[in-house]
Amino acid sequence: NAGVMQNPRHLVRRRGQEARLRCSPMKGHSHVYWYRQLPEEGLKFMVYLQKENIIDESGMPKERFSAEFPKEGPSILRIQQVVRGDSAAYFCASSPRRYEKLFFGSGTQLSVL
Amino acid sequence: GQQLNQSPQSMFIQEGEDVSMNCTSSSIFNTWLWYKQDPGEGPVLLIALYKAGELTSNGRLTAQFGITRKDSFLNISASIPSDVGIYFCAGLEPNFGNEKLTFGTGTRLTIIP
């Protein structure tokens, strides 16, 4: 029973490029959450999705960031025109029901040069 | 936004010692979760608490949901080297339809040889 799968583990982008981060939830989980973590800090909520719907995007910057969780396939966090300040670890979590025992993936470390 | 104060920020202990850490909030939570994060990995769920006063164990780990619903405690008995890492508390606000899982700032546990 595979856990939450995130890829890539490491992503290097130059300023102005696009970053696409993928997350496949645990089997049977239809709720997906994205968090961002800076070094030596806790996790900051970005967005909560349930299949094909964005439930809460209050933690996501209004510009350049978007997320989706299509009917088929993984959830995608997309960052357009990346800047150095976007460098961070991005974690995805999934749960079987709304906010019940979130299980996290290993994260994607985004580095913007 | 919701504030979660986690203490201590860091702990330096010897192998075999017991460990205690806590998390306090400025308002009420209806769920507390405790996670451990190893370097370069995502947080791993240790214990989930759902009722005020609840005391739950997972091996050498014991966590309690405070009676006031504004705090939670995690204890580790007879620490071993693999306990090294960062421990995060996370609390879920009782705001049906608009919940958010807020993370504390973490307690970094180091074992001194």
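By convention in this document, chain letters (A, B, ...) are assigned in the order of the sequence lines, proteins followed by strands, and residues within each chain are numbered from 1. All values below come from the heavy atoms of this structure, side chains included, with hydrogens, waters and symmetry mates left out.
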One option among B/V44, B/T105, B/L45 has the most heavy-atom pairs under 4.5 Å with chain A, and it is B/L45
Applying a strict 4.5 Å limit to non-hydrogen atoms, the region of B/Q37 in contact with chain A is side chain
Original post:
Do you see a donor-acceptor pair shorter than 3.5 Å between the side chains of A/E68 and A/S66?
Top reply: no
When the 4.5 angstrom heavy-atom criterion is applied to B/L92 and chain A, the contacting part is side chain
With A/V32 as partner, the option from A/P74, A/S95, A/S24, A/S75 fulfilling side-chain contact (heavy atoms from CB on, under 4.5 Å) is A/S75
Please verify the inter-ring angle class for B/F65 with B/W32; under 30° counts as parallel, over 60° as perpendicular, anything in between as tilted. perpendicular
If you tally heavy-atom pairs under 4.5 Å between each of A/Q37, A/Q6, A/K44 and chain B, the highest tally belongs to A/Q37
Most heavy-atom pairs under 4.5 Å with chain A, out of B/Q9, B/Q6, B/R108, B/K100, belong to B/K100
Any salt bridge linking A/D86 with A/R64? Criterion: basic side-chain nitrogen under 4.0 Å from a carboxylate oxygen.
yes
If one checks every heavy atom of A/F45 against chain B at 4.5 Å, the contacting part turns out to be side chain
So CG of B/N5 and NZ of B/K70: to nearest 0.5 Å the spacing works out to 12.5 Å
Applying a strict 4.5 Å limit to non-hydrogen atoms, the region of A/Q109 in contact with chain B is neither
Highest number of heavy-atom pairs under 4.5 Å with chain A among B/P43, B/G106, B/A90, B/G104 belongs to B/P43
Okay, A/Y33 and chain B: the region with an atom under 4.5 Å from a heavy atom over there is neither
Highest number of heavy-atom pairs under 4.5 Å with chain B among A/S58, A/G107, A/S106 belongs to A/S106
Could you check whether B/T62 and B/S57, counting side-chain N and O atoms only, form a donor-acceptor pair closer than 3.5 Å? yes
The reported gap from OG in B/S82 to NZ in B/K36 (rounded to nearest 0.5 angstrom) is 6.5 Å
